[in-house]
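Protein chains get the first letters and strands the later ones, always in sequence-line order, with residue 1 at the start of each.
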Amino acid sequence: MTTAALPQLTKKDFQTDQEVRWCPGCGDYAILSAVQSVFPELGIPREKFVVVSGIGCSSRFPYYMNTYGFHSIHGRAPAVATGIKAVRPDLDVWVATGDGDALAIGGNHTIHMLRRNVGIKVLLFNNRIYGLTKGQYSPTSEYHKVTKSTPYGSPDRPFNPISLAIGSEATFVARSVDVFQAHLKDTLKHAAVHRGSAFIEILQNCNIFNNGAWEGITEKDARSEHVIQLEHGKPLVFGKNRDKGIRRLADGDIEVVPLGDKYTEKDLIVHDAHHPRASYAFLLSHMEHRPGFPTPIGVLRAWDDLPRYEDVMNDQLKEVTAKKGRGDLAKLFRAGDTWEVK
Amino acid sequence: MTTAALPQLTKKDFQTDQEVRWCPGCGDYAILSAVQSVFPELGIPREKFVVVSGIGCSSRFPYYMNTYGFHSIHGRAPAVATGIKAVRPDLDVWVATGDGDALAIGGNHTIHMLRRNVGIKVLLFNNRIYGLTKGQYSPTSEYHKVTKSTPYGSPDRPFNPISLAIGSEATFVARSVDVFQAHLKDTLKHAAVHRGSAFIEILQNCNIFNNGAWEGITEKDARSEHVIQLEHGKPLVFGKNRDKGIRRLADGDIEVVPLGDKYTEKDLIVHDAHHPRASYAFLLSHMEHRPGFPTPIGVLRAWDDLPRYEDVMNDQLKEVTAKKGRGDLAKLFRAGDTWEVK
Amino acid sequence: MSTLAETPLAKSKREVIEQAVIRFAGDSGDGMQITGSQFTNTVALYGNDIATFPDYPAEIRAPAGTLPGVSGYQLHFSSSEVYTPGDAVDVLIAMNPAALKMNLADLKANGILIVNSDAFKEGDLRKAQMTSNPLEDHSLDKYRLFSVEAQRLTRAALQHLGIDAKAMDRCKNFFALGMCYWLYNRSMDPTFRWIDEKFSKKPLVAEANKLALKAGYSYCEATEAFQVSYEIPPAKLEKGFYRSLSGNQALALGFVTAAQKSGLTLFLGSYPITPASDILHELSQYKNFGVMTFQAEDEIAAMTSTIGASYAGALALTTTSGPGMALKTEAMGLAVMTELPMVIVDVQRGGPSTGLPTKTEQADLLQALFGRNSEAPIPVLAASTPADCFWVAVEACRIALKYMVPVIVLTDGYLANGSGPWRIPEIEDIPAIPVSFATDPATYEPYKRDPQTLARPWAVPGTPGLEHRIGGLEKKDGSGNINYEPLNHENMVRIRAAKVAGIAQDIPDAVPEGDAEGDLLIIGWGSTCGSITAAVKPQRAKGRRIGHVHLRHLNPLPKNLGEVMKRYKKVLVPELNMGQLLWVLRAKYLVDAIGLNKIQGRPFKQNELEVKIEELLGV
Amino acid sequence: MSTLAETPLAKSKREVIEQAVIRFAGDSGDGMQITGSQFTNTVALYGNDIATFPDYPAEIRAPAGTLPGVSGYQLHFSSSEVYTPGDAVDVLIAMNPAALKMNLADLKANGILIVNSDAFKEGDLRKAQMTSNPLEDHSLDKYRLFSVEAQRLTRAALQHLGIDAKAMDRCKNFFALGMCYWLYNRSMDPTFRWIDEKFSKKPLVAEANKLALKAGYSYCEATEAFQVSYEIPPAKLEKGFYRSLSGNQALALGFVTAAQKSGLTLFLGSYPITPASDILHELSQYKNFGVMTFQAEDEIAAMTSTIGASYAGALALTTTSGPGMALKTEAMGLAVMTELPMVIVDVQRGGPSTGLPTKTEQADLLQALFGRNSEAPIPVLAASTPADCFWVAVEACRIALKYMVPVIVLTDGYLANGSGPWRIPEIEDIPAIPVSFATDPATYEPYKRDPQTLARPWAVPGTPGLEHRIGGLEKKDGSGNINYEPLNHENMVRIRAAKVAGIAQDIPDAVPEGDAEGDLLIIGWGSTCGSITAAVKPQRAKGRRIGHVHLRHLNPLPKNLGEVMKRYKKVLVPELNMGQLLWVLRAKYLVDAIGLNKIQGRPFKQNELEVKIEELLGV
Ligand SMILES: Cc1ncc(C[n+]2csc(CCOP(=O)(O)OP(=O)(O)O)c2C)c(N)n1
Ligand SMILES: Cc1ncc(C[n+]2csc(CCOP(=O)(O)OP(=O)(O)O)c2C)c(N)n1
Ligand code: SF4
Ligand code: SF4
Ligand SMILES: [Mg+2]
Ligand SMILES: [Mg+2]
C-alpha cells in the first residue's frame, strides 16, 4: 500500500466499541484521547499499529485502541513487543505500561529493550501507585509514602524513570503530563518519528488511590513555576513570567538564575535534545530533586543515529543469504560427513 | 562480642578446603585472592560474613570463602541477600555475580537493590561473556561480537554497568580490574566501609571464552594510556608520563588535554567521589566510549548520606513498638468487634 | 442494643425465622462492600452464625451504572450453623438497574426486592442494556418489590447539613442499610460506632452517614413499608469469644501467632496480587509484633528474599496467587534443595493466565504439587473456611520449622474475601512451636539429619564456627558439599521425598463426618467445605449413608485415607477445577472416584451437590 | 580408505567381531569429547550403527587431574542395530589416574585398558586421591593393560616441528585416537580431513595433530602392542544416506524443516542453559534459512518474545532446560489463553533446582503437564533417540500450527549430547504443513473455531480490517472479548481441554513392539527407548512374551493405550524419575502399573531392565 493510497484516518477510527473501564476522572482518559488524536496523523495504515501492554489499569489501554492489541501479562510487554518487532519490523509497535508494570516486575525487560534500541515506543503511565491492585506503593512512589502496604511509610527510594532510561542507554527519552494535552500530543509525535526505542514518561493522576500526586506540577500556578518545558534549540527558561533560567556553572553543574539585569537568555543553556552524549540529559533528569529546580518536560534526549535492533537482525538474515545463497534444505540435510547404506 | 576481643584473622582463615574449580588462568582467582586478603582486615568476625551468589563461573565464589555462603539460583543473589540483610542487618553481606547473572537474568534485582540502598556489596565479575555456559555473549559484550550464539555478530548494544548503576540511584559505584591487585584491594576496602549499597564492577579475564577482553586496559603499555585512576581530591591525570588530563569545558562537557605549557594540573577536574549529585559520576562513566578518553577505575561515586534500607525497615519496627508497645497477641486476637457465646 | 430499645415497638408483625440470605448489589462506587460488611458485623455481634461472599469486578471502577461495574456482597446468617453464603437469596437490595439485572436470577420467588427507584431513569436503563423499565413492566411481579426513592429520601434527610449533592448521594447505601436493620430488627449501634471511628476526623461525613442510616430505619418504621419484620435468634455456637474474620485476615493472624509461638521474627516477602494482597496489607500493620514486610519488585524477588530471610533465621513467608506462584516455581526448587523452612501461600483465583482475577477457583493444586523442575516434593495444606485459615497458617509453620521444608498453603478468592466467625482461642491453648538453632561446631554438619524427622540442622549466619556453604546444586548426604555421584543423587532424591512423605505420621488420620461407612464418601478440600457440609446434612437426614472427609493435608495425604475409601461404595470428589485432587487419588489409590467439577469462578451451590449425590445414589 | 590400504598388513591377528563399546576418558582439558566424536564419525562413515554418550563435568574446567575434572565419551558401534551406548566397556582409554578411577568400574573383566603412563606420577596420583600406583600395584591385573607413554611418544613425534611442549602435549589425545584406529582397523582419512578443515588457518597445529595421530597408529603397527586387531563390518541399516546427529542438532534441523514446510519464518527466543544451549548455537547459524534467533535477557523474555513472534505470524520456538522451563510457566499460561502456535523445548537435566546440570533425567514430565496456574492444558511430545528429535520437532510444529496451541517437546541431556545415525529423508517425503492466515473481515472473529480442530483463526497484525485485541483475561467464546460470565468460563475451560484432547484423533495408535499381547507390557517415553529395546530383545529371545510401547505423544496419549494395556498381565513403566508417567497412567487408566525408577543422572543399563523384567515375570 503506498502512502498516497492511504485513506485519511480520524480519531474515531482508533476508538473501539469497548466500554472504557477506568474510574471517572482517571488521567488515563486524557492519554487515550491524545494517542487517538495523534495516531491518525502519522500517515500509517491502522492495521500496522500494534499496542502491547502488561497488566495494570494503564495496561487496559489496547482494548480502547482500534488497532491490533495485545494485553499480555504483568511486566512482559517489552519482551512481547520485541518478538513482534523482530519478526515484523514494518509494524508500528507501541507499549502501554504503568510504573509498576514497567519498573517493578518488568524492570528488566524495559532496560534491555532500551539498551538494544528496539524500535518500540513506550508510554509509561506514571501515577506513582499500583492502581489496579488498589493502592500499594510503586517503584516511583515517594520515599516514606503511606500506602496500603506501607502504613508506616515506604522504606524505598524511588527510581527516576528518566534517569534509569538514560542509564540503560535509551536513545529517546521524554516526559509529558496527562493534562497537558497539547504538550502530550506534541511529545507523542516526536516519539513517533524516532526510529529507535522511544521512552515517554507520562505523569498521570490516579484520582482514586493517589490523587494529586502531580499537583505540584499540574496546578495552574505551580505549572509554570515548577515545570520547565524543554525545546530543542531554545534556552532553558521557565517561570510564570519566563523570568528564570538555567545556567551552566564552571564546574559543569547548573544553577537557576533570575532573568533580568545580571542574566539574560543568552547566558542560559540552549537545549540540545540531539546531543550525542547522554550526560547532558542525565543532568537534566536529576535536577527536579534539587530545591528550586523545575521538573523538565518535553524531549530530553533524541539521538537517532543508532541502528534499530530489529533492523540489525533482519539485515543479518539478508546479508548471510546474499553471501551464502538462500538456504537449501536438501544440502543442509547432507552437510558434514554422510554415508550411504545400500 | 566487642571489637577488642576479635581474634586477628588472616587470609588463610577465609580459605576453604574446596578445590577451586575455575580454569587455570581465570581472572576469578585474582579476585578471590584479593577478597580473602581484604576480609581479615575489616575487623569483622568471620561468622558475620555472608557471601551470596547466583549462577555462573563467578558465582562459585562462595564455595571458596570460609564464611557463610549461599550459591543461589541464576540472577537472584541480590534478592536473596536483601532477605538476609532485612532480617539480620548486623551481617556483612557480599554478593558475587557475573555480567550475565547480574545484568541479564538478574538485572531487575540488581537495579532495585541499588535504588533501595540495601547495605550489600556487589562484586560484579565482568568478563563480557557467559563463561559457565561456554561462551555466549552477555549484556556487556561488545556490539557485533562473534560468539557461540552470535556467529554473525551480536545485534545488541551493551550496558555500561557503571552508568546503569548510577541510573539506578546507586550510592557507591566503583570499578577495578582482576589483575590490578593493589588497586582492587583498595577498592574493596572503600566498598567495605560504605554503609549503603556498594556496586563494584571488576573487569575480569575469561581466558577460555573471551581471552583478552580487557587487553586494551591491562596490557602493560595500554594500562597507563587507556586507564585513568580516580582518586578523591586528586586531579584527573593519566598517561604513562602523567602527561594528560581531563578538563571541564564551558558547556559542561569534558576534554582530554596534554599537560605542559598550555595546561597544568590546576586546570583539571579534581575528582570528587563524594559529590552529592550523580551527574558528575555519570559523565565519567560514559567517557570511555569516546575516542581518546581513558577508562576510569577507582571509586566513581560514594555518597553515603542516605539511610540503608534494612535500617529503615528495622527502625520502623522499633518506632512502632515504642509507640504502641510490644504486640500483645491476646489483644490482637480480640481487636475489633467481638462477641461472646455462652 | 440501646438504639433498638429506644425505638418504639413497630406496629408491623414480627416473625421469628431461622435464617436468611441477603445480598447487597450496586455499582462499584456505591459502597456495597462496606454496607455488606457492616450488616455482617452487626448480625455476628448479635450472635448469629454467618458466611459471606463478596463478589466484585476486576476493574477498579468500571463506568458507573454498567453491568461490569456491579459489585455484590452476600450474607447468610442464621440461628443455627451456617456452612455457605447460601444458594438463593431471600432479600436483594439493588441500587441500580445493572445490579438488578446481574443479581435477580438468584432471588427466590416471592423474595424481598428493595430497589433504589431514583436510579431507574432512562439513561440508567440504557447503561444496563435494558429496553423497558422493570419497575413498571411487571417483570418483577413474582417478587415482593419495594421501590424506594433512596436517593431523594437520603438527600432530604441530609439537606440541613449543607453538604453537596454528591456527598449526600454517597450516603444512600446507609439508607438502604438502615432499612435492612429495621427489617431484621437489628441495632444500629455497631455501625454508629464504626462510623464514628472511621470518620473521626470528618465529623460532618460521620453525621451524614449516621443520619442516612437512621433515615432508612425510620422510613420503614414510619411507612410500615414492610408489614413484617424478622427476628433471627442467636446461634448456639461453641462457647467462647468470637470475632468475624476474612480468610486473608485469619491467615495473617495465624502467621503472627506462629511467629510468637516459635519466638521468631516473621518476614513476609511479597508482591501484590489479587486476591492475596490483603495479607500483605494486614501484616504490614503488625510491626510491633516484630513483623517485617518486604514489598518486592516481583514474585521472584518475593520468593528469593523469603529464602534469604529463612536462611538468616526468620520465620519466612511469601504470599501470592496463581500467576505469581508460577513465577516462584524455580526458586521453590531452591527452597527444596536447601531445605529451609518457609511458607508459600497461594490464594487461588480463576485462570489460566490472568484469567478471572477476582473470581475463585481451586485449580492450582497440581501446580502446587508438581509445578517445579525435577523431583521437588513440598508439603501442601489447604484451608477450608475463613476461620480455618488461621489454623492452617499455624500448622504450616509448625511443619516447616519441624521438618525444615518449604510448605505450600492453598486458599482461594472465596475464602480470602469471605468471612465467618472465628472462635478466639486462648493463647495458652495453642501449642508452642519449638525451634532450635545449631550452635555446636563439633557436631555440626549442614546435611546431617534428625533421624526422626529427617530435618537438617538450621545454622544461621552469625553463629561462630558453623560457617558453611549451601546452594542449588546436588549435595552430598551429610556434609552438604556439592556432589554429582549417581548413587548419592538417588539417595538424596529419595531422602527429600521420604522427609515429606514422613509427615503423614505427624498429622491426624482422616475421620469422616457423617457415616463412618456407607454408600458414598465425599472427599473435598479447600473452600468447598461449607457447600459439601450443607449438602450432606439434608441428604443424611433423608437416610442416605454418606461420609465426608475434608482434607487439610494434601501432601502427604492422611495415612489412613486409602483404607477409609474402602468403607464406601462410591467416592465423589467435588472440586472447583477439572478434577485435580481426583487425579491424585486415582493415581495413588487406584480408586474409581468420580469428579464433580465446576469452573465458573464461583463456589458450589448446595443444590448442585445434592443433585450429584442423588444421581450417584440412584435416588 | 586409502590410508588403511597403504599400510602394510599387520602381522597381528585380525578378528571379526559384531560390536564394541569404547570409552575415552581424561581430563576436561584433554580433548576427550573431540577424540570421541572423531572416532564416532569414522565408524559411522564406515557404516556401523552407533550410539554415543558424552559425559562431562558441570565446571568449565575443574583443576587438571582431579576427579571432578574427568570428562568421558562412550561409543557403542556395531555391525547390527545398536540401541544404547552400552552398559559395560570393552576398551577404556584413560589419560590420567583420575579418569582411570572414575571409569574403571565399567570396564569388562579382561577388557582392554589403555593408559597414558606418563600421567601416573606421584602428583597425578595425589590429585586423583590414590595412595598407590595402579600401574604397579597389580590392582589392574584382571584387565588387558596397555600402559603407553603417550606423552613422551607424542613429543618425540612432533619434536621437529619446533612447537613448545604444551602445544605438543595437547596432541596426545590424537596419539591415543591413532591407537584406537589401529585397534579397530579404521582409516584415519576422515579425521585428517577434519583436522585440515578445523585448523586451515593454523597449518602447524594441523600438522602436529596429524603426526600425533599417525604416531599412535604406527606405534601399534611397529610394536605389535595389541597382538590382535578387530574388524566390525558395516551394519545392515535401512537403505539410504545417513549422517550422525546429536539430539540438539536434530532438533534444530527439524525446526528448520518445519519452517520450510510451513513457509514461515522460524523465530527462536532463548536464554542459554545447559544442556539446551546448542540448539540456540545451531539455529543461530541458519540465517540464510530465514531463521531468526533472539538471545533474551532471561527465560521469561525468551518465552514472551516467542509469544510475540507467534502473534506476529512466525513459527515461534523457545528452548530451555528444567529451571528455565519453571520460569516460563506464567507466560505459558498466556500462550494457552491466547491460543497461539509455538513450541517450547525442555531438554531435561538432573534436578531439583540447579541440581546436576550436565546429567540426564526425565523428571520434568509433570511440570510439563501441570506446571502452570489453573487449567492450562498443553500437548506434550517426547523424543526417544537423537535422530527422533528431528521428527518430533516436525510433529510438534505440525500440531502447534494445526491446532493453534503451544506444544511442549521434552528431550534430555542424554539425547541432546548423545548422537546416533540419522537416515536423511527426502525433502519431498516430509509432508507440507499447511498454514492459513485469516484475511476476511467479513467472517473474522478472533475466537471463532474450526469445528474440526477447534483451532481459532490466526490473524496477524498488518492485515487490514482484522484489528482485534487478545490477552490473558478470560475471553468470550467467539468474539474473544473479555468475559467473566460463569458459564462462558466453564465453557472456555472445557473447549481448551477438548482441543488438546482431540489431538488424540490425529496421532497414531500405540502399536507395541514385540508381542502384541502377553505377560508384560513395558511403557516408556523419551531417552529410555534404546535401553528398553536392548533389554526386551534378549528377553524375548528367551521366549518371554513382552511388548514395548514407547510413547511419543504424552498429552494426549494415544487413544488405544488403555485397550493395549489390557492385553498384558503386567505393565512396567521404567523412567529416569520417581514415577511420573506411571502416575499419569495410573490416574487415567486405573491400572496397577509398576515403576522402575532410577534417578542417578544416568540412563538405564540394559541389565537393570532385564533384572526387573525377570523379577516381574518371576523367572
Ligand atoms: C504475575 C503478576 N503479579 C502481580 C499481579 C498483580 N498486579 C496487577 S497490575 C499490578 C500493578 C499495577 O501497577 P501499575 O503498573 O503502576 O499500573 P496502574 O494500575 O497503576 O496503571 C499488580 C501488582 C499480576 N497481575 N500478575
Ligand atoms: C534459570 C537459569 N537459566 C539459565 C541458566 C544457565 N546459566 C548458568 S550461568 C549463565 C551465565 C553465566 O554468565 P555470567 O553471569 O557472566 O557468569 P560467568 O560464568 O561469566 O562468570 C547461564 C546462562 C541457569 N543456570 N539457570
Ligand atoms: S485506580 Fe487510579 S489509575 Fe486505575 S483507573 Fe482508577 S483512577 Fe485510574
Ligand atoms: S570459563 Fe572463563 S570465567 Fe569460567 S572459569 Fe574458565 S576462564 Fe574463568
Ligand atoms: Mg501505576
Ligand atoms: Mg560473565
Are C:Gln285 and B:Val320 close enough, and set up right, to give a side-chain contact (heavy atoms from CB on, under 4.5 Å), and what steps lead you there?
-> CA-CA 9 Å; C:Gln285 293 167 9; B:Val320 176; over 6 Å; no
Smallest separation among heavy atoms of B:His71 and C:Leu334, with atom names = O-CD1, 4.5 Å
Where on C:Arg193 is there a heavy atom nearer than 4.5 Å to chain B: the side chain, the backbone, both, or neither?
-> side chain
One should read off an interatomic distance between C:Glu330 CD and B:His74 NE2, to the nearest 0.5 angstrom, of 9.0 Å
Where does C:Thr293 contact chain B at under 4.5 Å (heavy atoms): side chain, backbone, both or neither?
-> backbone
Can you see which heavy atom on C:Phe294 is nearest to which on B:Arg116, and at what distance?
-> CZ-NH1, 3.4 Å
For the student: nearest non-hydrogen atoms of C:Thr304 and B:Ala79, plus distance = OG1-CB, 3.1 Å
Chain C contact via B:Tyr309 - side chain, backbone, both or neither, heavy atoms under 4.5 Å = side chain
What's the spacing between B:Ile73 CD1 and C:Ile307 CD1 if we round to 0.5 Å?
-> 6.0 Å
Residue C:Ile430 versus chain B: region with a heavy atom under 4.5 Å = side chain
Derivation of the side-chain contact (heavy atoms from CB on, under 4.5 Å) call for B:Arg60 and C:Ile482 | CA-CA 11 Å; B:Arg60 312 225 28 154; C:Ile482 303 176; 2.9 Å; yes
Would you say B:Leu317 and C:Lys287 make side-chain contact, with heavy atoms under 4.5 Å?
-> yes
Between B:Tyr68 and C:Thr463 the two heavy atoms that sit nearest each other are OH-O, 2.6 Å
Side chain to side chain, C:Glu467 and B:Phe49, heavy atoms closer than 4.5 Å = no
Residues pairing under side-chain hydrogen bond (donor to acceptor under 3.5 Å, both in side chains) where one sits in residues 326-342 of chain B, two or more places apart or in two chains, turn out to be B:Asp337-C:Asn41
Report the option among C:Gly333, C:Ala312, C:Ala314 that has the most heavy-atom pairs separated by less than 4.5 Å from atoms of chain B.
-> C:Ala312
Under 4.5 Å from any heavy atom of chain B - which part of C:Trp422 | side chain
What part of C:Pro234 is in contact with chain B, defined as an atom under 4.5 angstrom from a non-hydrogen atom: side chain, backbone, both or neither?
-> neither
Is a side-chain N or O of C:Asn288 found less than 3.5 angstrom from the main chain of B:Gly325, in a donor-acceptor match?
-> yes
Looking at side-chain heavy atoms only, is the closest gap between C:Arg469 and B:Asn66 below 4.5 Å?
-> yes
Is any residue of residues 87-107 of chain B within less than 4.5 Å of chain C by heavy atoms, and which ones?
-> B:Val87, B:Arg88, B:Leu91
Counting distance only, does the side-chain N/O of C:Arg243 pair as donor-acceptor with the main-chain N or O of B:Phe333 below 3.5 Å?
-> yes
Side chain, backbone, both or neither: which part of C:Leu466 has a non-hydrogen atom closer than 4.5 Å to chain B?
-> both
If you count heavy-atom pairs under 4.5 Å with chain B, which of C:Val256, C:Asp298, C:Thr306 comes out on top?
-> C:Asp298
Sequence neighbours excluded - salt bridge (Lys or Arg N to Asp or Glu O under 4.0 Å) pairs with any residue from residues 252-265 of chain C = none
With sequence neighbours excluded, tell me which residues meet salt bridge (charged side-chain N to carboxylate O under 4.0 Å, His left out) with B:Glu169.
-> none
Please state whether the side chain, the backbone, both or neither of B:Ala81 comes within less than 4.5 Å of a heavy atom of chain C.
-> neither
Quick one: what part of C:Phe267 sits under 4.5 Å from any heavy atom of chain B, side chain, backbone, both or neither?
-> side chain
Of the non-hydrogen atoms in B:His109 and C:Ile300, which two are nearest, and what is the gap between them?
-> NE2-CG2, 4.1 Å
